Number of protein chains: 2
Amino acid sequence: MHTLDGTDARILLAMVEDPRQTVVAMAAKLGLSRNTVQARMASLEKRHAFLAFDHRISPAALGYPLTAFISVHVQQQKLGALAVSLAGIPEVLEAHGLSGRADLLVRVVSTGAEDLFRINGKILACDGVERTETSLAMNELVPFRLTPLLERRLRP
Amino acid sequence: MHTLDGTDARILLAMVEDPRQTVVAMAAKLGLSRNTVQARMASLEKRHAFLAFDHRISPAALGYPLTAFISVHVQQQKLGALAVSLAGIPEVLEAHGLSGRADLLVRVVSTGAEDLFRINGKILACDGVERTETSLAMNELVPFRLTPLLERRLRP
DNA sequence: AAGAATATTGATCATTCTGCCTTATATTGC
DNA sequence: GCAATATAAGGCAGAATGATCAATATTCTT
């Protein structure tokens with residue numbers, strides 16, 4: 001079994017519904033045996049279906065209510081060093097290299113507008129960075145969710 | 001106590017280190033009483049420090065190994081309807097309205113290049129969308145992390 | 001269609017955890 | 001200094017866990 005099946009999806013959906021739920025409770029709710037749920041969970045973990053707990057921590061609750069996406073134009077030769085420099089900036093939550101143009105998409109959080117300005121400066125100061133373009137994340141049109149993909153897995 | 005203190009940060013760091021850890025284990029590891037850890041966790045939960053479990057599910061494990069960021073230029077008047085349309089596309093994980101220009105940043109996942117093409121088409125077909133610009137997320141220069149912000153909270 | 005491999009179930013067991021309580025002792029804010 | 005709050009330490013009943021096992025289903029292969 002290489003790919004996730006409907007039962008896995010149901011278990012994950014149950015986890016989304018209540019993350020602190022016990023295995024026994026889930027088994028009851030899903031009409032599965034405790035053994036099965038436990039085995040599936042172990043299997044999911046082995047297949048790296050779970051990302052680090054970092055992802056569940058709210059930056060806002062930590063005191064960083066402002067999210068921004070910074071498009072960073074770089075000199076490709078210095079990408080390696082840049083990865084290190086960017087990783088040195090705590091407010092950088094993630095940075096992706098994008099296809100096509102020689103630029104990165106960097107997700108940062110900040111305590112406010114002036115803080116964001118300072119962080120942008122730190123990025124600009126990194127060796128290999130040519131210019132940046134900051135966009136504040138104003139409204140969440142679609143708040144993060146994965147459940148539609150899980151629900152789709154239920155049918156076939 | 002409005003903001004997160006060092007003890008909260010230590011607890012969260014312990015959670016990152018091992019999410020399935022029990023409260024008793026954490027108390028032992030951190031040199032706190034079980035009571036304290038339990039109370040802190042409850043308090044963190046009450047303050048919405050934890051995001052939904054969705055965030056910890058790996059799209060790759062679900063069969064969507066390709067991530068892309070789609071910049072969507074829109075007619076502002078139709079933002080409301082667009083939120084609904086975009087939410088109707090399962091592969092859209094999140095969508096942010098950006099400051100300044102009238103465009104959105106949409107994070108999508110897909111099973112492959114042709115799938116991404118199809119999804120882009122679905123977005124283009126949404127009422128209010130003028131044009132899109134797709135960027136594939138090639139390499140993760142900085143994989144998602146929040147621990148630097150937590151560790152900073154340990155000192156002062 | 002038969003046989004093999006794999007999943008699921010139900011069951012047990014000892015150990016551990018939880019949720020909830022109470023009391024005493026810091027620690028902190030005013 | 002006093003009051004409010006956080007922490008520690010302990011106890012207790014109920015529940016959950018992890019690790020088994022054997023018996024059935026189910027799925028896959030050939």
Side-chain angles (χ1 to χ4, degrees), chain A residues 1-54 56-58 60-63 111 149-156, chain B residues 1-54 56-58 60-63 111 149-156:
Chain A
M1 183 165 298
H2 206 227
T3 175
L4 237 57
D5 70 358
T7 306
D8 291 312
R10 292 210 304 146
I11 291 178
L12 291 174
L13 281 168
M15 287 292 284
V16 173
E17 197 174 308
D18 178 7
R20 297 180 83 60
Q21 211 170 173
T22 79
V23 170
V24 207
M26 274 184 34
K29 176 180 298 185
L30 300 178
L32 296 171
S33 89
R34 176 167 86 90
N35 249 341
T36 303
V37 177
Q38 233 162 9
R40 293 279 187 154
M41 288 287 278
S43 158
L44 285 170
E45 193 141 351
K46 199 170 63 185
R47 282 184 278 167
H48 306 107
F50 300 123
L51 305 175
F53 189 81
D54 292 78
R56 279 202 58 205
I57 302 178
S58 158
L62 256 169
T111 62
L149 291 180
L150 291 173
E151 276 153 9
R152 162 189 289 181
R153 195 57 63 85
L154 293 182
R155 327 278 168 123
Chain B
M1 183 165 298
H2 207 228
T3 175
L4 238 57
D5 70 357
T7 306
D8 291 313
R10 291 212 303 148
I11 291 178
L12 291 175
L13 281 168
M15 286 292 285
V16 172
E17 196 175 307
D18 178 6
R20 296 180 83 59
Q21 211 169 174
T22 81
V23 171
V24 208
M26 272 183 33
K29 177 181 297 184
L30 300 178
L32 297 170
S33 89
R34 178 168 84 89
N35 255 339
T36 302
V37 176
Q38 235 164 7
R40 294 280 187 154
M41 288 286 279
S43 158
L44 286 170
E45 193 142 352
K46 199 170 63 185
R47 281 184 279 167
H48 306 106
F50 301 123
L51 305 175
F53 191 81
D54 292 77
R56 280 202 56 205
I57 302 178
S58 159
L62 255 168
T111 63
L149 291 180
L150 291 173
E151 276 152 9
R152 161 190 289 183
R153 197 53 66 85
L154 293 182
R155 326 277 166 124

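Proteins come first, then strands; the chains are lettered A, B, ... in the order of their sequence lines, and each starts at number 1. What you are looking at is a predicted structure, and each value in this text was computed from that prediction instead of being measured. Any value given below was found using the heavy atoms of this structure, including those in side chains, with hydrogens, waters and symmetry copies removed.
Between B:L30 atom CG and D:dA8 atom P there is a gap of 10 Å when expressed in whole angstrom units. The distance from atom CE of A:M26 to atom P of D:dA16 is 13 Å, rounded to the nearest whole Å. The distance from atom CG of B:N35 to atom C1' of D:dT5 is 14 Å, rounded to the nearest whole Å. Rounded to an integer number of Å, the gap from CZ of A:R40 to C1' of C:dT8 is 9 Å. Rounded to whole Å, the distance from CZ on A:R20 to P on D:dA15 is 19 Å. One atom, CD of B:Q21, and another, P of C:dT18, lie 10 Å apart when rounded to the nearest Å. Atom C1' of nucleotide C:dA7 and atom CG of A:L44 are separated by 14 Å, given to the nearest angstrom. If you measure from atom CG of B:L32 to atom C1' of C:dT27, you get 14 Å, rounded to the nearest angstrom.
Toward the 5' end of DNA chain D, the nearer of the two residues B:V37 and A:A25, judged by each one's closest nucleotide, is B:V37.
Here the side chains of B:E17 and B:K29 are in contact, with some heavy-atom distance below 4.5 Å. Looking only at side-chain heavy atoms (C-beta outward), B:R20 and A:M41 come within less than 4.5 Å of each other.
Applying the 4.0 Å criterion to OP1 and OP2 of C:dC17, one finds that B:T22 has a side-chain N or O inside that range. For B:T36 and D:dA8, the shortest distance from a side-chain N or O to OP1 or OP2 is below 4.0 Å. Side-chain nitrogen and oxygen atoms of A:Q38 include at least one within less than 4.0 Å of the OP1 or OP2 phosphate oxygen of D:dG18.
The base of D:dG10 does not come close enough to the side chain of B:R34 for any donor and acceptor atom to sit less than 3.5 Å apart.
Look at B:D8 and B:R47 and you find a salt bridge, because one of the NZ, NE, NH1 or NH2 atoms lies within 4.0 Å of a carboxylate O, short of that distance.
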